[in-house]
2 protein chains.
Amino acid sequence: MRLVIAQCSVDYAGRLSAHLPLATRLLMLKSDGSLLVHSDGGSYKPLNWMSPPCSLAVSQPDELQVEAGITELWTVTHAKTADQLIVSIYEVQHDSAHELGVDPGLIKDGVEAHLQKLLAEHIHLLGDGHTLVRREYMTAIGPVDILARDASGASVAVELKRRGDIDGVEQLTRYLELMNRDPHLAPVVGVFAAQQIKPQARMLAEDRGIRCLVLDYDAMRGLDDTASKLF
Amino acid sequence: MRLVIAQCSVDYAGRLSAHLPLATRLLMLKSDGSLLVHSDGGSYKPLNWMSPPCSLAVSQPDELQVEAGITELWTVTHAKTADQLIVSIYEVQHDSAHELGVDPGLIKDGVEAHLQKLLAEHIHLLGDGHTLVRREYMTAIGPVDILARDASGASVAVELKRRGDIDGVEQLTRYLELMNRDPHLAPVVGVFAAQQIKPQARMLAEDRGIRCLVLDYDAMRGLDDTASKLF
DNA sequence: GTGTGTATCTCGTTC
DNA sequence: GAACGAGGTACACAC
């Protein structure tokens, strides 16, 4: 990895056109040829960038560009899409290279998958007398997160989200429509379960006869811990 | 901005838990206190990070940690959510600080907005005899990208996307449902227009009687150039 | 402020 | 490899 702090302007031409006026920025050149242009603020997203696979070509500025103060031109071209990023370098304040090696990568732990597991293990949270049929119940248009049966034996399709949005209600609606055509399953009622359900989503769901269930992740983990300790 | 290349391990505890095993990485400390942990590959997303507003506290390792080879502990805490990122620093290979100043920011040019403008200007692309009513036609549930009339005088609602996905079809369906209840507008037919329409989205759209229209952005820009030159 | 829609989204997983 | 869903999504814009 090469780190360059330099006064530069940047032009991107690809899926859109974008321009960065002259300012001092960090240019991060990764060993796969990719380039990130970072400012000293904002979030983790660079101001501009080129994703791998791509290649860097350094060239000399022409006379006009030299007069303007440009000392080097970096042209980064994407291997497949022909997107281009052109960095016009003025003054370089820092330039260093470092060997980092391959990264072992991130180990993640629990979000929706964990919620699904917890709800499946504590299916009574759906209501008294509910039994689990299975997780990831496959339909022609995709997997339903949880399929259960209620006390009366009716099928219950559960769509799980961390944050319950209108999209999730639409998704569940499509599943319900399909599943209610299947005589083995029908009647199927829907439950929209999430840690947080947005008002618009709740409105839409309830308008369509879908029950909303707000889940308390921490409380569910507590249940899990208790269960682990007891058995 | 401070740049540190160091052997480190990283633990994040917040909306999820994540761990990065010991390896050499770039630690980018921005002046707003935020921290990015980058490896020498992948795209612009850091392996781990803390977004502003947050604060960094440097502390000394305890005896056990010193024995393990840890020389410094960085604890980055988010001001509001209390998310925490803990960086255990082993060997530091590089450490430099730089003054960058405030960035003037990115100037973007055209994607969906440009597509919308172009289609509105060349409304005949919808079919012969079509006339524009208006762009961003407001309804109770949001703006329809383009409202037009076809040769027979029927209303045409156009939903525009760069990439036509199932979500876009759902969105247009909601608009159509609402607009068809308005006697001033009904009957309203739908057109789903995008540079690329995914098979599933096309299927869903056509099943609902929505016409799909694939747009050629470059050709449309060509039309625009010609028009600009002629008039 | 919150809510909504887009993204040069990125990143996984599945088919 | 394509497609689909999720994200510690981020980001801009409307209300």
Side-chain angles (χ1 to χ4, degrees), chain A residues 10-18 34-37 42-52 54 76 78 80-85 105-106 108-113 115-116 136 138 140-143 145 159-163 165-168 170-171 174 194-196 198-201 203, chain B residues 12-18 34 36-37 42-52 54 76 78 80-85 105-106 108-113 115-116 136 138 140-143 145 159-168 170-171 174 194 196-204:
Chain A
V10 183
D11 289 277
Y12 168 74
R15 274 166 278 189
L16 59 74
S17 300
S34 60
L35 175 73
L36 314 188
V37 182
S43 63
Y44 69 69
K45 201 176 176 185
L47 294 165
N48 218 324
W49 72 93
M50 188 65 78
S51 309
C54 61
V76 186
H78 194 274
K80 291 188 176 177
T81 61
D83 286 19
Q84 265 200 346
L85 194 68
L106 190 68
K108 276 194 188 180
D109 178 39
V111 229
E112 191 189 312
L115 263 182
Q116 191 190 104
E136 301 284 353
M138 275 309 296
I141 54 171
D145 290 333
E159 179 61 35
L160 258 174
K161 295 283 173 203
R162 200 168 60 79
R163 285 189 309 196
D165 228 332
I166 214 161
D167 293 10
E170 297 288 14
Q171 196 181 338
R174 287 198 298 274
Q195 281 184 269
Q196 182 202 344
K198 297 203 175 165
Q200 290 213 358
M203 188 104 85
Chain B
Y12 168 74
R15 270 166 280 191
L16 59 76
S17 300
S34 60
L36 314 188
V37 182
S43 63
Y44 70 68
K45 201 176 177 185
L47 293 165
N48 220 326
W49 72 94
M50 188 64 79
S51 309
C54 61
V76 186
H78 194 274
K80 292 188 175 174
T81 61
D83 287 17
Q84 266 201 345
L85 194 68
L106 190 68
K108 275 192 190 185
D109 178 39
V111 230
E112 190 187 313
L115 263 182
Q116 190 190 108
E136 302 284 353
M138 274 310 296
I141 54 172
D145 290 333
E159 178 61 35
L160 258 173
K161 295 285 173 200
R162 200 170 60 79
R163 285 189 310 198
D165 229 331
I166 214 159
D167 292 10
E170 296 288 15
Q171 196 182 338
R174 288 198 296 274
Q196 183 202 341
I197 296 178
K198 296 204 177 166
Q200 289 211 359
R202 176 181 291 273
M203 187 103 85
L204 184 64

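The sequence lines fix the lettering, A, B, ..., with proteins before strands; numbering per chain opens at 1.
- Taking atom CD of B:Glu170 as the reference point, atom P of C:dT6 lies 14 Å away to the nearest angstrom.
- Contacts of B:Met50 with the nucleic acid, taken as non-hydrogen atoms under 4.0 Å apart, include base atoms.
- Taking B:Gln171 as the reference, B:Lys161 meet the side chain to side chain donor-acceptor pair (under 3.5 Å) condition, with sequence neighbours excluded.
- Between C:dT10, D:dA10, D:dA6, one nucleotide has an atom nearer to the side chain of B:Ser51 than all others, and that is D:dA10.
- In this structure, B:Ser43 OG and A:Trp49 CH2 are separated by 9.0 Å, a value rounded to the nearest 0.5 Å.
- Rounded to whole Å, the distance from OH on A:Tyr12 to P on C:dA7 is 12 Å.
- Distance NZ (B:Lys80) to C1' (C:dT2): 12 Å, rounded to an integer number of Å.
- The side chain to side chain donor-acceptor pair (under 3.5 Å) check on B:Thr81 picks up B:His78, B:Asp83, with sequence neighbours excluded.
- Atom CG in B:Leu160 sits roughly 13 Å away from atom C1' in C:dT6 (whole-Å rounding).
- To the nearest 0.5 angstrom, B:Lys45 atom NZ is 4.5 Å from A:Tyr44 atom OH.
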**Request:** With side-chain contact (heavy atoms from CB on, under 4.5 Å) as the test, would you mind laying out the steps for A:Glu136 and A:Gln116 before giving the verdict?
**Result:** CA-CA 9 Å; A:Glu136 301 284 353; A:Gln116 191 190 104; 3.1 Å; yes
What pairs of nitrogen or oxygen atoms, one from the protein and one from nucleotides 11-13 of chain C, lie under 3.5 Å apart?
{"from": "C:dC11", "atom 1": "OP1", "to": "B:Ser43", "atom 2": "OG", "distance (Å)": "3.2"}
{"from": "C:dC11", "atom 1": "OP2", "to": "B:Ser43", "atom 2": "OG", "distance (Å)": "2.8"}

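- Of the candidate nucleotides D:dA6, D:dG5, C:dG5, D:dG5 has the atom lying nearest to any side-chain atom of A:Arg174.
- The separation between A:Leu47 atom CG and C:dA7 atom P is 19 Å, rounded to whole Å.
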**Message:** Could you walk me through whether B:Ser51 and B:Ser34 satisfy the side-chain contact (heavy atoms from CB on, under 4.5 Å) test, starting with their C-alpha distance in whole Å, then the side-chain angles of each, then the deciding distance to 0.1 Å, before giving a yes or no?
**Reply:** CA-CA 5 Å; B:Ser51 309; B:Ser34 60; 5.8 Å; no
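- Note: NE2 (B:His78) to P (D:dA10) measures 9 Å, nearest angstrom.
- The CE atom of A:Met50 lies 5.0 Å from the CG atom of A:Leu85; values are rounded to the nearest 0.5 Å.
- At whole-Å resolution of the value, CD in A:Gln171 and P in D:dC4 are 12 Å apart.
- What separates NZ of B:Lys161 from P of D:dC4 is a distance of 16 Å, to the nearest Å.
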